[in-house]
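Reading through the C-alpha cells given below for one structure.
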Number of protein chains: 2
Amino acid sequence: MQSIGHEWTINEMGKEQEKDQKKSAIQDDILLATLQLFAEKGYFNTSLTDIQERSGLKSTGAIYQHYKTKQLIAAALYNKILDSLSISIDDIRRRNKKPVDQLREIVGLFFSLTDQAPEIMRLLLVLQIREFLPEEKPLLETAALQKIYKILQAGIRTGEVRAIDHQLAYAQFFGIIFQTIRLILAGMLEKQAEAYQSETWTAAWGAIAKK
Amino acid sequence: MQSIGHEWTINEMGKEQEKDQKKSAIQDDILLATLQLFAEKGYFNTSLTDIQERSGLKSTGAIYQHYKTKQLIAAALYNKILDSLSISIDDIRRRNKKPVDQLREIVGLFFSLTDQAPEIMRLLLVLQIREFLPEEKPLLETAALQKIYKILQAGIRTGEVRAIDHQLAYAQFFGIIFQTIRLILAGMLEKQAEAYQSETWTAAWGAIAKK
DNA sequence: GTCTATACGCCGATAGAC
DNA sequence: GTCTATCGGCGTATAGAC
C-alpha cells in the first residue's frame with residue numbers, strides 16, 4: 001500500500017502553492033508511516049523516532065512542524081480514515097436504493113480494504129482507540145457507523161430485515177463480517193479476504209434477513 | 001466483583017502454611033487490582049503505582065516480592081483467566097454430549113461472565129494482548145479456544161453444523177456472540193447481558209446450523 | 001522480609017544554532 | 001525554516017535501610 005487507501009487518498013488540493021503541496025505531502029508521509037507502525041505495534045509501542053524514520057524525515061523535531069503532539073497525529077489519522085469511510089458509505093447509499101444492496105456493497109468495501117489496505121482494517125477493528133485517544137468518539141458513535149445504523153433501520157422498516165433492535169442487528173451482521181476479517185488479519189485463514197466475501201455475506205445477511 | 005470470577009477463583013490451597021496463604025492472597029489482590037485497571041485503562045495507561053494503590057500495598061517495591069516485572073503480572077493474569085476458561089469448557093464438555101448443547105452452555109458462560117465479571121470479558125475481547133505480551137499465545141491459539149474448535153468440528157461431523165471450514169464457523173458463531181457482548185460492555189445496550197442471551201444464541205446457532 | 005529512597009532509561013517535547 | 005542537541009518527567013526496577 002502506497003497511500004492511505006486508494007479512492008481513500010484525500011487528494012483534492014487543487015491549485016495551491018508549491019510549498020503547501022509539499023507540506024501536505026509530508027503530512028501524508030507521516031500519517032502513512034504512523035498507520036503502518038500502529039498496525040504493526042500499536043500506539044504505545046510506536047515512538048516518534050519510529051515515525052520519523054519510517055516517514056523519511058531527518059529528525060523528530062521535523063514532525064513538530066506538522067503535528068504538535070503524538071496524540072494529534074493519531075487523531076488526524078483516525079479522523080482521516082473515518083472521513084474516507086463516511087464518504088464511501090455516502091457514495092454507496094447514493095448508488096443503491098435497497099438496504100440489502102447497500103449492505104452488500106459495504107461488506108464488499110470492507111473485504112477489499114482487508115486485502116488492499118489491511119493496516120486500515122487493523123486500525124479500525126483491532127486497535128483500541130479509546131486507550132490513546134480518550135477524547136475521540138468511539139467507532140460506534142462516529143458518523144460512518146451512524147449511517148450504517150440508519151441503513152439497518154431502513155431495512156427493518158421495509159421488512160427486508162427482521163424486526164429486532166437495530167443495535168442487535170448491527171452486532172449480528174457485522175459480528176460475522178468483522179470476526180471473519182479479524183481471522184484473516186490474524187493470518188488464520190489461507191486465502192485472500194476476497195475469497196471469503198460471498199460466503200460471509202450470505203451468512204451475515206442470513207442472520208438478520210426476514211425469511 | 002470481589003474475586004477473579006467465581007468458580008473462577010482458583011482457591012485450592014488446602015493445608016499449606018499460613019505464610020503461603022497470605023502470600024497467595026496478596027498475589028490474588030495484585031491480580032485482581034490489575035484486572036480492574038487493565039479493563040478500565042489498558043496495560044500502558046496502568047502504572048505499577050496504580051496497581052500498588054488499588055491492591056492496598058504500601059509500596060511499589062512490595063509488588064516485586066511477588067512478580068519480577070509488570071509484564072509478568074499481565075502474563076500471570078492472562079494465563080489464570082485462560083486456565084479458568086479451559087477448565088470451565090472441559091466441565092461443559094463432560095456434562096453435555098451434543099455439540100449444540102456444549103455450545104449453548106459456553107454461550108451461557110460468556111453471557112453470565114459479562115454480567116458478573118465484565119472485566120474478564122473486557123480483557124478477553126477488548127484488550128489487545130499482543131501489544132503488551134508479544135510472547136504469549138494469542139487467544140485463538142490457546143487451549144481453551146482449541147477446545148471450542150474441536151466442538152465445532154464435532155458438530156460438522158455429526159451433521160448438526162453445516163459443512164464449512166471450522167474457522168469460518170467459529171468466526172460466524174462467535175462473531176455474533178462476541179460483538180453483542182462488546183456492545184453490552186460498551187454500554188450501548190440497556191439491559192443486562194442475560195436479557196440478550198437467548199435471542200443472540202438463536203441468531204448465532206442459526207448462522208452455522210444445518211437446516 | 002518489608003518499605004523508602006533512588007537510580008536509570010526512554011520518550012515526548014523544545015529551545016536555539018545554523 | 002529546518003535540524004541538533006538537550007531537557008524534563010514519568011515509570012520501571014533496585015539497592016539498601018530498618
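So that the names make sense, note that chain A is the first sequence line, chain B the second, and so on, each numbered from 1.
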Could you state the [atom1]-[atom2] distance from [X] to [N], rounded to the nearest angstrom?
X	N	atom1	atom2	result
Lys58(A)	dT4(D)	NZ	P	9 Å
Ile63(A)	dT2(D)	CD1	P	14 Å
His66(B)	dG1(C)	NE2	P	11 Å
Ile26(A)	dT2(D)	CD1	P	7 Å
Phe132(B)	dG11(D)	CZ	C1'	17 Å

Go through the structure and list residues passing side-chain contact (heavy atoms from CB on, under 4.5 Å) with Ala195(A), not counting sequence neighbours.
Lys191(A)
Can you list the residues that meet the side-chain contact (heavy atoms from CB on, under 4.5 Å) rule with Tyr149(B), with sequence neighbours excluded?
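Expected list: Met188(A), Leu140(B), Gln146(B), His166(B), Gln167(B), Tyr170(B).
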Cation-pi between Lys70(A) and Tyr43(A): NZ/CZ under 6.0 Å from ring centre and within 45° of the ring axis?
yes
Test: salt bridge (Lys or Arg N to Asp or Glu O under 4.0 Å). Region: residues 38-60 of chain B. Which pairs qualify, not counting sequence neighbours?
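Non-adjacent pairs meeting salt bridge (Lys or Arg N to Asp or Glu O under 4.0 Å): Glu40(B)-Arg54(B), Lys41(B)-Asp50(B).
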With Arg95(B), which residues qualify under salt bridge (charged side-chain N to carboxylate O under 4.0 Å, His left out), at least two apart?
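In terms of salt bridge (charged side-chain N to carboxylate O under 4.0 Å, His left out), with neighbours along the sequence ignored, Arg95(B) is linked to Asp91(B), Glu105(B).
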Nucleotide by nucleotide, 5' to 3', does protein get under 4.0 Å of the base (B), only the sugar-phosphate (S), or neither (-) in nucleotides 10-18 of chain C, counting heavy atoms?
--SBB----
Got a sec, which residues hit ring-ring contact (aromatic ring centres under 6.0 Å, His included) with Tyr196(A), two or more places apart in sequence or on another chain?
none
